[in-house]
Amino acid sequence: MATGFKSIPIIDISPLVAKCDDPKRVQDPDVLEVVGQLDQACREAGFFYVKGHGIPDSLIKDVKNVSHKFFDLPYEEKMKIKLSPAAGYRGYQRIGENITKGIPDMHEAIDCYREITPGMYGALGRVIEGVNQWPHDPPYIKVLMEEYISFCTGMHFQDSFSLYLSRKIVRGIALALGGSADEFEGERAGDAFWVLRVIGYPGVSNTNGQNAPENDIGCGAHTDYGLVTLVNQDDGITALQVRNQSGEWISAPPIPGTFVCNIGDMLKIWSNGIYDSTLHRVINSSPKYRVCVAYFYEPNFDAAVEPLDVCKEKTGGIKKFGKAVYGEHLASKLETNFV
Ligand SMILES: N=C(N)NCCCC[C@H](N)C(=O)O
Ligand SMILES: O=C(O)CCC(=O)C(=O)O
Ligand SMILES: [Fe+2]
């Protein structure tokens, strides 16, 4: 549950990154220290910064630079990869196209999802079947984003997984909940779905006069849908805000070299509400155009999600949530996000 937190903690996860596959990790004091910090941050804010994550700083910067280059292109150029239901909701959405609680968001974006081939998940997967639409300009955007996705999700390297940042964080969270490290492997998230949103938020001076926005909300208050989100935001602009239990909006300013990490709806269910998917929103009140590359690490597309026994025991033995299917949750969001 989000408490009255006033700031968002910073966690150096390097011991977890280095040792999370070591069977002796549960006796390692450095790993246990990180696990304790994760537990506290997830209980109090549902948000934390991660440093010591191992993703090269140059790549973190390059994906933002290439995103700026894309959003700088003329509207007609960007519309060549227009998102549509027929394209599996993949591609470019113009400013105001994404709707949050009935209000158009003042952002533009490229939405990408892990590829779903026809029939892969039967009727459940149909809405999102398709391949990602990448622009031809800037030419290297596809390669760069795919490399970035590999670092976040995992890469097969000589028969074993390596560099899988999200999976490592989720392993730490599984231990923090009192479960085994592989609680979110197998049928739960062993074949994780993912989402990448390349997002652009106009600055206030860019939208004066004729293009005056209908509102100043870059992205309205929402929760994320899956397990954990890794937010890679532009340096120098404070725009992301997180709501605490007193209803105050706490800023999450960019801290160079870190990601902002937050809990999604499926982890709220699995944890039986011990961790909450905290409401957040984006308001870019700076004159500068802001980009954010948000990576969402999700359960298996067809995962049936219900409170873990270990979490139920900790919360009085009562299930606070019924069963949800991740793919259904995503589909219901897509229906209301794009009308
Ligand atoms: N895949 C994720 N999590 N996307 C987050 C988008 C949040 C805005 C959306 N209109 C909404 O209301 O959810
Ligand atoms: O732009 C940001 O900092 C966060 C974006 C976000 O919350 C989202 O896309 O779900
Ligand atoms: Fe979000």
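Note that ligands are numbered from 1 as they come in the structure, with each ligand's atoms numbered from 1 the same way.
For K64 and N232, the side-chain atoms include at least one donor-acceptor pair closer than 3.5 Å. No donor-acceptor contact under 3.5 angstrom links the side chains of T278 and D276, judged on distance only. At a cut-off of 3.5 Å, with distance as the only test, a side-chain donor of Y295 or T153 sits close to an acceptor on the other residue. Judged by distance alone, the side chains of H280 and D224 do bring a donor and an acceptor atom under 3.5 Å apart. With no hydrogens or angles considered, a side-chain donor-acceptor pair links N132 and R90 at under 3.5 Å. Between the side chains of Y275 and D39, a donor-acceptor pair is found at a separation under 3.5 Å.
Scanning the protein heavy atoms around atom 9 (C) of ligand 1, the nearest turns out to be N337 OD1, 3.2 Å. The single protein non-hydrogen atom nearest to atom 7 (C) of ligand 1 is H222 CD2, 3.4 Å, given as residue, atom name and distance. The single protein non-hydrogen atom nearest to atom 3 (N) of ligand 1 is F296 CE2, 3.3 Å, given as residue, atom name and distance. The protein non-hydrogen atom at the shortest distance from atom 8 (C) of ligand 2 is H222 NE2, 3.6 Å. Protein heavy atom closest to atom 8 (C) of ligand 1, with residue, atom name and distance, is T100 OG1, 3.3 Å.
Of the candidates T223, V282, V291, V198, the one placing a heavy atom closest to atom 4 (C) of ligand 2 is V282. Atom 1 (N) of ligand 1 has its nearest heavy-atom neighbour, among W194, Y225, Y113, in Y225.
Of all atoms in ligand 2, listed by their number and element, those nearer than 4.0 Å to a heavy atom of R197 are 9 (O). Near V231, with a cut-off below 4.0 Å to any heavy atom, the atoms of ligand 2 are 3 (O). The distance from ligand 2 to the heavy atoms of R290 drops below 4.0 Å at these ligand atoms: 1 (O), 2 (C), 3 (O). Atoms of ligand 2 found under 4.0 Å from any heavy atom of C292, numbered from 1 in the order shown, are 1 (O), 2 (C), 3 (O). Residue N98 has at least one heavy-atom neighbour below 4.0 Å for each of these atoms of ligand 1: 9 (C), 10 (N). Those atoms of ligand 1 with a heavy atom of R197 less than 4.0 angstrom away are 4 (N), 6 (C). Residue contact check: Y201 has heavy atoms under 4.0 Å from atoms 1 (O), 2 (C), 5 (C) of ligand 2. Short contacts between ligand 2 and F296, defined as distances under 4.0 Å to a heavy atom of the residue, involve ligand atoms 8 (C), 9 (O), 10 (O).
The aromatic rings of F70 and Y92 sit perpendicular, their planes meeting at an angle over 60°, well past the 30° parallel limit. The aromatic rings of Y326 and F301 lie perpendicular to each other, with more than 60° between the two planes, well past the 30° mark. Ring pair F259/Y148 is tilted by interplanar angle, where 30° to 60° counts as tilted.
Contact annotation: for V260 versus ligand 2, there are no heavy atoms closer than 4.0 Å. The proximity of I199 to ligand 2, defined as any non-hydrogen pair under 4.0 Å, is limited to the side chain. Residue contacts with ligand 1 for T229 are absent, since no atom lies close enough (heavy atoms, distance under 4.0 Å). With a 4.0 Å heavy-atom cut-off, ligand 1 is reached by no atom of A294.
With a 6.0 Å cutoff to the six-membered ring centre and a 45° limit on the axis angle, K69 does not count as a cation-pi contact of F71.
Annotation: W270 is in aromatic contact with F184 [ring centroid separation under 6.0 Å].
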Test salt bridge (Lys or Arg N to Asp or Glu O under 4.0 Å) on D111 and R197; report intermediate values, then the result. CA-CA 5 Å; D111 280 0; R197 305 197 67 219; 2.8 Å; yes
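Between H280 and ligand 2, at least one N/O pair is under 3.5 Å apart. For ligand 1, one of its N or O atoms has an N or O atom of I99 under 3.5 Å away.
Counting heavy atoms from C-beta outward, M106 and D216 have side chains that stay 4.5 Å or more apart. By the 4.5 Å heavy-atom criterion applied to side chains, V198 and L196 are counted as neighbours.
Taking a cut-off of 2.8 Å, the protein N, O or S atoms nearer than that to the Fe ion (ligand 3) are H222 NE2, D224 OD1, H280 NE2.
For H107, the closest heavy-atom approach to ligand 2 does not fall below 4.0 Å.
Across A174 and S180, no two heavy atoms sit closer than the pair CB-O, 3.3 Å.
By the criterion of side-chain heavy atoms lying less than 4.5 angstrom apart, applied directly or through intervening Ile, Leu, Val, Met, Phe, Trp or Tyr residues, W134 is grouped together with M79 in one hydrophobic cluster.
Looking at D28 and K24, no side-chain N of the basic residue comes within less than 4.0 Å of a carboxylate O on the acidic one, giving no salt bridge.
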